[in-house]
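Comments concern the structure below.
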Amino acid sequence: MTRTILIIEDNSSIGDLVRMQVADLGMTPVLCDRGDTGLARFREGGIDLVILDLMLPGLDGLSVCREIRGGAGYVPVLMLTAKSTELDRVLGLEMGADDYLTKPFSVAELSARVKALFRRVDAMAGAKENQDEETELVVPGLKMDPARRRVFVRDEEVELTAREFDLLWHFASQPGRVFSRVQLLDKVWGYNHEGYEHTVNTHINRLRGKIETDPAQPEFIETVWGVGYRFRE
């Protein structure tokens, strides 16, 4: 079945470039140049992924992302931004974006991100179909339900984005094992682009902020200096 990708981008050159690349991937592109019209099109249904610019007329990208995440069901969001500050990335991830690309970007990288997001969507669908076979992961202070994608920290439910859940599951299911940032990009994001390790850093910082009592002294996800990260044994 052909996938439909909604592109919300007000820069006509970038919008056309992304549209052509989506078509080259064998997917159906739908291009909107305003945040409000893009959100309206999303609400009509039939969208499998959203490529969303941060700066948009009508309604900004963060607001669009918030509205998408406030609805029923899950559709992955790939955020595009001309800004490169950590604050912009964190805000987008906080609103529920699954991944981000900073302009300018290559079409090869865009393709890799899109394919990786769909691989994860397919994996999530497979897990849901086999939810009766899924078992909860329980360690002191943390419980994860992979079938329902729910997380409880010290008996309190914590809301995680889809990517944050995948990242935490990858760590918690292999306690003590050290993962480099490049390895995490490959295993959790589904692509391996050296130079984009900051993507991992940003997600881990957000995840720690949600599950750790003191993110500066984490008890779940530990930093192994000069190597990467590991989940406590």
Side-chain angles (χ1 to χ4, degrees), residues 1-9 14-15 17-30 42 47-54 61 65 68-69 73-81 84 88-90 92-130 146 149 160-174 177 179-207 221 228-229:
M1 183 175 63
T2 302
R3 303 190 195 256
T4 299
I5 298 182
L6 175 61
I7 306 159
I8 310 178
E9 168 62 68
I14 295 176
L17 177 66
V18 175
R19 178 180 54 78
M20 289 187 291
Q21 186 61 24
V22 166
D24 286 344
L25 291 173
M27 303 174 189
T28 301
V30 177
F42 175 82
I47 300 300
D48 299 297
L49 182 146
V50 179
I51 299 178
L52 176 65
D53 188 25
L54 184 63
C65 190
I68 289 174
R69 283 292 170 259
Y74 165 73
V75 174
V77 175
L78 174 61
M79 185 178 66
L80 305 180
T81 174
S84 58
D88 294 309
R89 298 195 299 269
V90 168
L93 297 172
E94 177 67 16
M95 291 301 103
D98 295 276
D99 206 350
Y100 64 88
L101 275 174
T102 302
K103 303 174 186 176
F105 52 83
S106 69
V107 292
E109 184 178 2
L110 173 65
S111 297
R113 302 292 182 99
V114 169
K115 291 177 181 177
L117 283 170
F118 279 130
R119 281 197 299 271
R120 189 164 58 81
V121 167
D122 292 339
M124 288 169 58
K128 186 175 181 180
E129 291 175 359
N130 299 310
R149 300 184 70 82
L160 300 183
T161 66
R163 184 76 75 186
E164 289 167 349
F165 185 95
D166 291 345
L167 184 59
L168 181 57
W169 179 266
H170 189 72
F171 276 122
S173 61
Q174 303 176 79
R177 181 176 176 181
F179 296 97
S180 69
R181 293 168 180 81
V182 172
Q183 287 174 324
L184 290 169
L185 276 173
D186 184 45
K187 298 299 183 181
V188 180
W189 276 258
Y191 55 81
N192 189 335
H193 290 305
E194 292 191 17
Y196 285 87
E197 292 91 339
H198 54 271
T199 300
V200 177
N201 297 346
T202 301
H203 276 79
I204 287 180
N205 290 339
R206 292 300 313 159
L207 184 55
I221 301 176
Y229 302 94

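For the single chain, residues carry numbers from 1 onward in sequence order.
Here the shortest heavy-atom pairing between W169 and P146 reads CH2-CG, 3.6 Å. The two residues P76 and D48 have their closest heavy-atom pair at CD-O, 3.3 Å. Across all non-hydrogen atoms, the minimal contact from G15 to E9 is N-CG, 3.7 Å. For the pair A97 and C65, the tightest heavy-atom approach, listed with the atom from each and the gap, is N-SG, 3.6 Å. The shortest non-hydrogen separation linking R181 to G228 is NH1-CA, 4.2 Å. Taking both residues in full, the closest heavy atoms of L52 and G61 are given as CD2-O, 3.2 Å, listed atom of the first, atom of the second, then distance.
Counting heavy atoms from C-beta outward, D53 and K103 have side chains that approach closer than 4.5 Å. Taking the side chain as every heavy atom from C-beta outward, L25 and K115 approach each other to under 4.5 Å. Residues F42 and I8 are not in side-chain contact: their nearest non-hydrogen atoms beyond the backbone lie 4.5 Å or more apart. A heavy-atom distance below 4.5 Å is not found between the side chains of V200 and V188. Two residues are said to be in side-chain contact when any heavy atoms from C-beta on lie closer than 4.5 Å; L184 and H203 fail this criterion. At a threshold of 4.5 Å between non-hydrogen side-chain atoms, the residues L54 and Y100 do not count as touching. Considering only heavy atoms from C-beta on, L110 comes within 4.5 Å of L101 through its side chain. Counting heavy atoms from C-beta on, the side chains of R3 and L49 never come closer than 4.5 Å.
The existence of a salt bridge linking D98 and R113 is excluded, since no basic side-chain nitrogen approaches an acidic carboxylate oxygen closer than 4.0 Å. Using a 4.0 Å cut-off between charged side-chain N and carboxylate O, D166 and K187 make no salt bridge.
Looking only at distances, a side-chain donor or acceptor of R69 sits under 3.5 Å from a matching main-chain atom of V75.
With values rounded to the nearest 0.5 angstrom, L6 atom CG is found 7.0 Å from I68 atom CD1. Taking CD1 from I204 and CZ from R206, the interatomic distance works out to 13.5 Å, rounded to the nearest 0.5 Å. Atoms CG and CG, from D99 and L80 in turn, are 10.5 Å apart once rounded to the nearest 0.5 Å. Atom-to-atom distance recorded for N201:CG and Y229:OH is 4.0 Å, nearest 0.5 angstrom.
Aromatic ring orientation, H170 versus F179: tilted (interplanar angle from 30° to 60°).
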Side chain to side chain contact (heavy atoms under 4.5 Å, CB included), that's the test. Do I5 and V18 meet it? Break it down for me. CA-CA 10 Å; I5 298 182; V18 175; over 6 Å; no

